[in-house]
Amino acid sequence: MATPPGGPSSGNWSYGPAQGPNDGSANPYNFPSTPSHRQPYAPQGPGPSPYDQPQAPRIQPVQPHRRTPEPAPAGGASNPLVRPYAMTGGRTRPRYQLAIEALVHTTAAPHQMQGQLPEHQRICNLCREIKSVAEVSALLTIPLGVARILVADLAEAGLVAIHQPGGDENAGGQPAVTLLERVLSGLRKL
Amino acid sequence: MVAGGFGVGKTTFVGAVSEINPLRTEAVMTSASAGIDDLTHTGDKTTTTVAMDFGRITLDQDLILYLFGTPGQDRFWFMWDDLVRGAIGAVVLVDTRRLADCFPAVDYFENSGLPFVIALNGFDGQQPYNPDEVREALQIGPDTPIITTDARHRADAKSTLITLVEHALMARLR
């Protein structure tokens, strides 16, 4: 059950803090480094966004388009496949720009999972052991862009912690020398 | 990143050293990059799926190395751009019988500034050309390592990765 009866166009899904039972908890995120070398997405549209999270000042929320109800795409009624971005309510950009290798770790208790979308629950179940965004995409057979959005949703709801790879700010975001040394030492021990 | 032409052994290389069987992630995109929040016009767009294989190596309790094989088709540069951010470096796998297949990858990494090494994948254990000949043919400067490897063998793949990280470290310290 990945799409409402009306297909991807009936986009009044409730994403955001009202959905989770733990909204209001103080900064549930774990963003050790916001990669400043990545270009943040510019706000997409005017007007207030329901996704604004005042308790998360260190990360830049992206304001997606507010979609108005619109007719289904031509031929959509006879298409048995769920379009990939139906799961995201039509959004194609995550609220945070997650690296493909960013690590995801579930912090939610089982009772917090109730009422979440099935895709969100599957991600939380998968990420009880730490996984990258790429693995979430591959293991759950979700396209990469969709996985990024869903993981960002969960991070915003405080249900997963994200560990973005940290770059060296003084070197244009390249991996830090100490990281390279650790990788080298780790490879030699393999 | 593990790059190179089609069929040069990228996924084989990743699989040889990865602790998991290589996984495949797919990215779906449309030909138009602007305004794709809106699915109204999906019917007018060409949808393309890019597949990318990757593996992982746990190096320490809190250190995981991911190996991403770049999408074989050179036109998916946006995926490369995505991968190159945060990457340590790239292994450009080369089949010396089809040397030209590696040109786009070499050009890309030279332009992006990501440290890379060239690894000549010996098919059937044969290395018809030695690294010096390839260096001259590719017009690669002396700073970029060119080594021979066998993408099927873990020890070779591991040694290639070590050469790459050493090269990346040298480039940073230079």
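Chain naming here is simple, since letters A, B, ... match the order of the sequence lines and numbering starts at 1 in each. Heavy atoms only: backbone and side chains are in, while hydrogens, waters and symmetry mates are out. All values reported here derive from a predicted model rather than from experimental measurement.
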Please name the pair of heavy atoms, one in B:Val94 and one in B:Leu99, separated by the smallest distance, quoted to 0.1 Å.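 B:Val94 and B:Leu99 have their closest heavy atoms at CG1-CD1, 3.5 Å.
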
Taking all non-hydrogen atoms of both residues, which atom of B:Ile88 and which atom of B:Ala168 are closest, and how far apart?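 Nearest pair, atom of B:Ile88 first, then B:Ala168: O-CB, 3.7 Å.
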
Suppose a student defines contact as a heavy atom less than 4.5 Å from any heavy atom of chain B. Which residues in residues 130-137 of chain A would they list?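 Listed by number: A:Ile130, A:Lys131, A:Ser132, A:Ala134, A:Glu135, A:Ser137.
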
Is it the side chain or the backbone of [X] that comes within 4.5 Å of chain A heavy atoms, both, or neither?
X: B:Ile64; value: side chain
X: B:Ile57; value: side chain
X: B:Ile20; value: side chain
X: B:Leu169; value: both

Distance check, rounded to the nearest 0.5 Å: B:Thr12 atom OG1 versus B:Leu93 atom CG?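 Interatomic distance, B:Thr12 OG1 to B:Leu93 CG, rounded to 0.5 Å: 9.0 Å.
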
Measure the CG-CG distance between B:Leu65 and B:Leu161 for me, rounded to the nearest 0.5 Å.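 If I round to the nearest 0.5 Å, the distance is 7.0 Å.
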
Among residues two or more places apart or on two chains, list those pairs meeting ring pair (Phe, Tyr, Trp, His ring centres under 6.0 Å) that have a residue in residues 81-110 of chain B.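 Only B:Trp77-B:Tyr108, B:Trp80-B:Tyr108, B:Trp80-B:Phe109 qualify under ring pair (Phe, Tyr, Trp, His ring centres under 6.0 Å).
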
Begin from the C-alpha positions of B:Glu19 and B:Thr58 and carry the test side-chain hydrogen bond (donor to acceptor under 3.5 Å, both in side chains) through to its verdict. CA-CA 8 Å; B:Glu19 69 199 18; B:Thr58 301; 2.7 Å; yes

Give every donor-acceptor pair under 3.5 Å between a side-chain atom in residues 175-190 of chain A and any protein atom, sequence neighbours left out.
unit_1	atom_1	unit_2	atom_2	d
A:Arg182	NH2	B:Asp60	OD2	3.0
A:Arg182	NH2	B:Asp62	OD1	2.8
A:Arg188	NH2	B:Glu166	OE2	2.5

For the backbone of B:Gly86 and the side chain of A:Gln174, can you confirm whether one donor and one acceptor N or O come within less than 3.5 Å of each other?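 Looks like no, no N/O pair under 3.5 Å.
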
Applying the side-chain contact (heavy atoms from CB on, under 4.5 Å) test to B:Phe54, which of B:Val14, B:Thr25, B:Thr11 qualifies?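 Answer after filtering B:Val14, B:Thr25, B:Thr11: B:Thr25.
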
Contact listing (chain A partner; residues 136-153 of chain B; heavy atom under 4.5 Å):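 Residues qualifying by a heavy atom under 4.5 Å from chain A are absent, so none.
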
Close side-chain approach of B:Val91 to B:Val117, heavy-atom, < 4.5 Å: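 Yes, at least one pair of side-chain atoms sits under 4.5 Å.
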
A quick test of your reading: do over 12 heavy atoms of other residues, nucleotides or ligands sit less than 6.0 Å from CZ of B:Phe123?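 Check passes, neighbour count above 12.
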
